[in-house]
Amino acid sequence: MKLTALTRTLGIAGLGIAALAGPLAAQDFPERPLEFVAGYGPGGGHDTMLRTMARLIEEQGLIDVPINVVNKEGGSSAVAMGYLNAREGDPHYLMSITSSHIATPLTSNIGLDYSDFTPIARLGIDPELLVVNAASGYERLEQLMEAEDTLNVGGTATGSIEHIVTMQLAKATDLSLNFIPFQGDGEVVTALLSNQIDFAITNPGPVADYLDSDQFRALAISTEERIDNLPDVPTFTEQGVDITISLFRGLTAAPDIPDEAREALTELVTTLFETEAWQEEYIEPNAVVPLVITGDEFADYLGNTEEVYRETLGELDMLSQ
Amino acid sequence: MEALGNLMMGFGEVLTPFNIAIIFAAGLIGTVVGALPGLGPSAGIALMLPLTFGMNEASGLCLLTGVYMGTMYGGRITAILINAPGDAPAIITALEGYPMMKQGRGAMALGISAVASFIGGLFGLGVLIFLAPIIASYAIFLGPPEYFLLMAVGLATVMLLAGDSMLKAFFVTCLGVLVSSFGSDYVSGQIRFAYVPELIEGIDFVAIIIGLYGLGEVLYNLEKKVKLELGKPRFSVKEFVPGRAELGEAAAPTMRGSVLGTIIGIVPGAGATVATFLDYALEKRLSKRPEKFGTGEISGLAGPEATNNAAVPGSLIPLITLGIPGSGGTAIMLGALIMFGLRPGPLLMQTSGDIVWAMIAGLVLANFFLLLSNVLLIPVFVNLLRTIQNNLANVVIALCVVGAFSLSYSAFNIWIMLIFGVVGYLFKKNDYPTGPFILAVVLAPLAENYFRQSVMLGQGSAAIFVERPISLTILVLMILIVAGSVFGRLRARKLREMRNPEE
């Protein structure tokens with residue numbers, strides 16, 4: 001059972017396809033039902049995101065063809081990437097992507113990477129928080145940075161984004177950090193609750209309640225500016241540590257689809273993202289920061305993200321070539 | 001008591017005709033899903049998710065937890081009838097249940113296991129209702145060192161599953177460790193033996209058991225022309241409702257299984273499968289006739305069945321009190337809670353207590369329904385098997401193929417299943433035990449990861465195992481048990497020598 005993938009992505013579920021019913025309906029797209037491809041199993045984050053999207057698009061009447069959600073699980077999204085790659089030029093497919101879309105091609109030789117596909121939109125990000133147990137007494141990042149002993153840091157999986165943040169933090173400060181990979185957010189929360197680790201790097205979702213009830217304290221967030229949900233948590237940057245990397249949730253389409261179809265898909269999803277239903281049923285419950293970017297801007301973002309991954313995974317000797 | 005009052009409030013929410021119907025249907029659907037090889041609790045809950053859209057939270061959660069509970073009842077049916085465990089926690093059930101089937105006591109095996117499941121489930125629910133918050137606050141203090149030692153105890157039970165030849169058991173254990181090491185390793189970040197992308201996440205454990213037990217058994221039976229002893233088409237109640245003698249034999253193991261299952265279910269990450277192995281080992285250890293294990297021993301059937309059902313409410317404890325999912329099934333439940341707009345975490349009981357209590361009341365109700373339907377349907381199950389008996393091999397192969405396909409909706413797992421079907425056949429033909437193999441596949445990666453996490457937490461020092469009080473306690477107990485059994489053997493040998501000095 002892949003708890004990591006499950007809990008991590010639980011929530012990434014629904015992108016919307018809006019706005020296709022308009023002038024485009026007369027053209028040749030969409031000429032048949034759309035297919036949403038989830039790289040993980042039913043009930044996982046990708047799956048629930050896509051199903052929420054499909055349901056809301058239909059409820060809001062944003063498109064007049066049905067939408068099917070299919071699961072092409074396996075290989076940390078490599079199977080789904082292969083599946084989508086085989087649909088070259090066909091715009092009726094939309095795949096949910098997250099960090100594994102970047103990391104898997106780097107760590108395993110699958111002959112594909114993000115640039116083979118047609119990026120459509122990033123629907124939001126999951127920032128990384130530096131969280132301590134309130135009982136530890138740390139109140140500011142500064143105090144933590146004065147620690148002389150090696151600190152134990154919890155996060156999910158070696159080479160994960162939590163690990164990358166930890167490495168960047170160690171590099172930017174004099175801290176000696178010992179990253180311990182756990183299987184899934186649940187285990188990380190447990191380890192922090194019982195003081196088995198000194199601090200954790202984690203997304204806001206799994207620790208939200210603990211932050212509200214003052215059992216945990218967040219000392220820094222990896223966004224460029226503070227976010228609305230957590231206005232009191234200072235960014236790494238404003239505390240003099242240059243870390244701005246977050247987990248993204250996005251959508252990509254098959255390779256080489258026609259430009260008009262790409263625009264139509266982009267418009268469909270961005271229209272959905274602006275609806276209130278989307279905010280209420282997906283963004284809020286999953287604590288996603290809805291920073292939407294599309295088109296070339298999204299492609300550039302993916303390129304930058306890949307560079308960061310390539311550098312860090314290279315240091316960890318995890319690159320496949 | 002506050003808990004009872006809350007539970008009554010929950011029942012008030014649940015006892016509407018619509019909800020009762022939902023819970024009843026969920027139990028039956030869960031039973032069927034659980035019975036199909038390959039489809040386990042995670043698949044059952046995931047398949048039902050779309051149906052819950054549009055229901056209110058309480059009904060939706062009752063549906064999902066009912067299915068979860070139902071799969072635990074269902075997994076044992078195919079395990080007993082055709083030796084193809086419907087899901088991982090039912091593997092042990094097949095070890096004793098299927099031999100009973102072959103002796104014509106299949107209906108009784110179903111009856112006993114249904115009752116044991118019921119008691120296990122009820123016990124777990126009792127703990128969930130009255131002690132959940134207290135237990136959860138202690139359970140978090142178990143960390144990787146304790147888990148590692150727990151897994152080491154589990155691996156030691158290889159000795160009890162070994163059968164006649166220790167050498168053969170050792171060989172299959174090593175093979176199991178090898179098989180389990182495929183795929184990405186989240187501790188080191190490295191990917192092992194991923195010759196094709198499908199292997200990046202490792203070999204699907206359920207595909208292995210479907211092949212090893214389901215297909216392997218078919219191949220073996222084809223060669224041996226085994227005929228199942230199904231008895232008469234009409235059953236008297238005595239044949240499937242356990243009488244005083246059977247219940248007497250099953251009572252103590254069921255109680256032990258209930259306690260063990262609840263405890264291990266609570267520990268995040270261990271899960272029902274590990275619990276059943278530990279319980280089987282415990283029963284064999286405590287049994288007055290351990291040599292009968294594997295030939296249809298009631299205590300070896302009832303204990304693990306109670307265990308796997310007790311683990312369901314057990315695993316819900318960290319989920320609803322801390323928001324921490326301890327198994328695949330509860331991870332999907334976590335997703336469902338979020339979809340219903342609840343926020344799992346330490347505040348869940350305060351912010352949405354009414355819904356959670358309704359869900360718990362629904363589980364209690366589902367458990368009663370499931371006992372009733374699972375006992376009353378035994379003649380149906382057995383007669384169903386009778387009608388297809390002449391084509392049983394075909395039906396089982398079809399179920400295995402469909403089951404393997406459904407794991408990831410791809411042909412890849414069918415190949416895995418076929419390979420392990422042949423492996424299972426060869427094991428069986430040459431008397432290699434499958435128990436140690438499966439045990440190694442399940443436990444070796446857990447033991448490996450927990451060990452490495454422990455040493456990492458200790459920043460390179462293994463002293464962490466003796467510095468933590470709970471870990472130290474487990475270690476001391478392990479040493480005492482080993483010393484005790486070595487001492488016991490030496491003493492027994494000395495006694496024999498004293499009695500027969502000439503030997």
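From a predicted model like this one, the values you see are computed outputs, not experimental measurements. In what follows, chains carry the letters A, B, and so on, assigned in the order in which the sequence lines appear, proteins first and then strands, with residues in each chain numbered from 1. Note: hydrogens, waters and symmetry copies are ignored here, and every other heavy atom, side chains too, is used.
Counting heavy-atom pairs closer than 4.5 Å to chain B, the top residue among A:Val70, A:Asn71, A:Asn178 is A:Asn178. Interface summary for chain B: among A:Arg55, A:Glu280, A:Glu284, A:Met81, the most heavy-atom pairs under 4.5 angstrom belong to A:Arg55. In terms of non-hydrogen atom pairs under 4.5 Å with chain B, the most contact-rich of A:Ser76, A:Gly159, A:Ala78, A:Pro285 is A:Ser76. Per-residue heavy-atom pair counts under 4.5 Å with chain B were compared for A:Val207, A:Asp212, A:Leu313, and the maximum is reached by A:Asp212.
Side-chain atoms of B:Glu198 do not come within 3.5 Å of backbone N or O of A:Gly74 as any donor-acceptor pair. When atom types are taken as modelled, the side chain of B:Tyr186 and the backbone of A:Gly184 share no donor-acceptor pair closer than 3.5 angstrom.
Within the model, atoms CG of B:Leu347 and CG of A:Asp209 stand 4.0 Å from one another, a figure rounded to the nearest 0.5 Å. Atom CG of B:Leu446 is separated from atom CD of A:Gln183 by 7.5 Å, given to the nearest 0.5 angstrom. Taking CD of B:Gln190 as the start and CG of A:Leu316 as the end, the distance is 8.5 Å to the nearest 0.5 Å. One finds the CD atom of A:Glu187 at 4.5 Å from the OH atom of B:Tyr450 (value rounded to the nearest 0.5 Å). In this structure, CZ on B:Phe141 lies 11.0 Å from OG1 on A:Thr190, to the nearest 0.5 angstrom.
Pairing each heavy atom of B:Ser188 with each of A:Thr158, the nearest pair is O-CG2, 3.4 Å. Closest heavy-atom contact between A:Phe182 and B:Gln453: CA-NE2, 3.5 Å.
Using a 4.5 Å cut-off on side-chain heavy atoms (C-beta onward), B:Ile191 and A:Thr107 make contact. Between B:Met456 and A:Pro181 the shortest side-chain heavy-atom distance falls below 4.5 Å.
Within the 4.5 angstrom heavy-atom criterion, no atom of B:Leu199 approaches chain A. Both the backbone and the side chain of A:Ala208 come within less than 4.5 Å of a heavy atom of chain B. B:Ser410 does not touch chain A: none of its heavy atoms, backbone or side chain, sits under 4.5 Å away. Using a 4.5 Å cut-off between heavy atoms, B:Leu142 touches chain A through its backbone atoms (N, CA, C, O) alone. Only the side chain of A:Gln215 comes within contact range of chain B, judged by heavy atoms closer than 4.5 Å. Of the atoms belonging to A:Asn152, heavy atoms from both backbone and side chain fall under 4.5 Å from chain B.
Chain B is approached within less than 4.5 Å, heavy atom to heavy atom, by A:Leu193, A:Ser194, A:Gln196, A:Ile197 from residues 191-198 of chain A, ordered by number. Annotation: residues 459-469 of chain B contacts chain A through B:Gln459, B:Arg468 [non-hydrogen atoms, separation under 4.5 Å].
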